A.B. asks: 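Pasting in a structure now, in structure tokens, and then I'll have a few things to ask.
First listed ligand is number 1; within each ligand, the first listed atom is number 1. Quick caveat: nothing in here was measured; it's all calculated off a predicted structure.
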Amino acid sequence: MGYGLLKGKRGIIFGALNEQSIAWKAAERCHEEGAAMVLSNTEVALRMGTLSALAEQTGSPVVAADATSFEDLTRVFEEGQRLLGGKIDFVLHSIGMSPNVRKNIPYEALNYGYLSKTLDISAVSFHKMLSAAHRTDALAPWASVVALTYIAAEKATIGYNDMADAKALLQSIARSFGLIYGKEKKVRINTVSQSPTMTTAGSGVSGMTRLLRVAEEMSPLGNADAEECAGYIVTLFSDLTRKVTMQNLYHDGGFSSTGMTLEALDMFDKVCD
Ligand code: NAI
């Protein structure tokens, strides 16, 4: 059931690939809350994924864009305003990819060409997105921009590899742009630090199944799933959070503030016994 939290709002959602994607769940939830949206992903993702089903379900047009291309992103914001009939009230950056992770190259032996790609796709794309929106004056006053991140940006996490560096950069871009955009246009920019989630990107992280189990035991409320993340994102897109900006907001069942839990100790005991 929706609450009409995004009634009359226009948004752009980047990164829905398939039903598991966090962006997919976010688009469904935004639609339920009354928003009109444009969906965007790469040409390859549009061919390989099932985005057309989501587009049909939510009545959203699709504009293809490679998030590393400033020109593509500019087109999304120009087309987005035209298709939706006005300035944009919310943007979701739900994009991440590391060729080093994909090819199982360990952190101590990174391929630097791949590292550049990781940073370009997973972090610099956020700068380009905000810059393209800025140059096209696409965002409405009090618009809300959210990008997804992970705790490995702040705490060394085995297996997350160069995505940790990309997420640290992403979080910094959110703060730096938040300062400029807040002053100039009253636009707010935040990152949401989500629990490990079994999606296409998530399943690429080495040891993901074990990570999910341990995180579950280390989170007083348990891991947050993609639907729950979508609900949290909706609150950030709504008018109820207008003065929240430049924050990294944890949506992780309490994991980030937990040192140790009884359940996690029991897990270690079972292994040691
Ligand atoms: P996903 O695989 O469904 O989404 C990743 C998206 O990035 C895909 O739609 C893919 O097509 C898109 N993408 C890749 N390269 C692109 C490019 N050059 N241009 C435009 N789009 C491109 O996986 P998920 O998990 O929904 O990922 C969404 C975001 O959530 C990512 O930023 C990810 O790092 C973040 N996140 C995921 C967690 C997880 O455990 N799954 C935990 C915390 C954050």
A.B. asks: For L17, take its heavy atoms, then give the atoms of ligand 1 lying under 4.0 Å from any of them.
C.D. replies: 8 (C), 9 (O)

A.B. asks: With atom 34 (O) of ligand 1 as the reference point, say which of M208, Q194, K167, M129 has the nearest heavy atom.
C.D. replies: K167

A.B. asks: Could you say whether the N/O atoms of N41 and ligand 1 ever approach to under 3.5 Å?
C.D. replies: yes

A.B. asks: Got an N/O contact under 3.5 Å between M163 and ligand 1?
C.D. replies: no

A.B. asks: Atom 43 (C) of ligand 1: which of L148, T149, T199 has the nearest heavy atom?
C.D. replies: T149

A.B. asks: Once you restrict to heavy atoms under 4.0 Å, what part of I121 touches ligand 1? Side chain, backbone, both or neither.
C.D. replies: side chain

A.B. asks: Applying a 4.0 Å heavy-atom criterion (strictly less than), which segment of A67 is in contact with ligand 1: side chain, backbone, both, or neither?
C.D. replies: both

A.B. asks: Is the closest basic N to carboxylate O distance between D120 and K117 below 4.0 Å?
C.D. replies: no

A.B. asks: Checking contacts here: is it the side chain or the backbone of S195 that comes within 4.0 Å of ligand 1, counting heavy atoms only? Could be both or neither.
C.D. replies: backbone

A.B. asks: Could you check whether the rings of Y232 and H251 sit parallel, tilted or perpendicular, using 30° and 60° as the cut-offs?
C.D. replies: parallel

A.B. asks: Please tabulate, one pair per line, all N/O donor-acceptor pairs under 3.5 Å involving side-chain atoms of residues 39-53, not counting sequence neighbours.
C.D. replies:
from, atom 1, to, atom 2, distance (Å)
S40, OG, V63, O, 2.7
N41, ND2, A16, O, 2.9
T42, OG1, A45, N, 3.0

A.B. asks: What do you reckon, does A23 have a nitrogen or oxygen under 3.5 Å from a nitrogen or oxygen of ligand 1?
C.D. replies: no

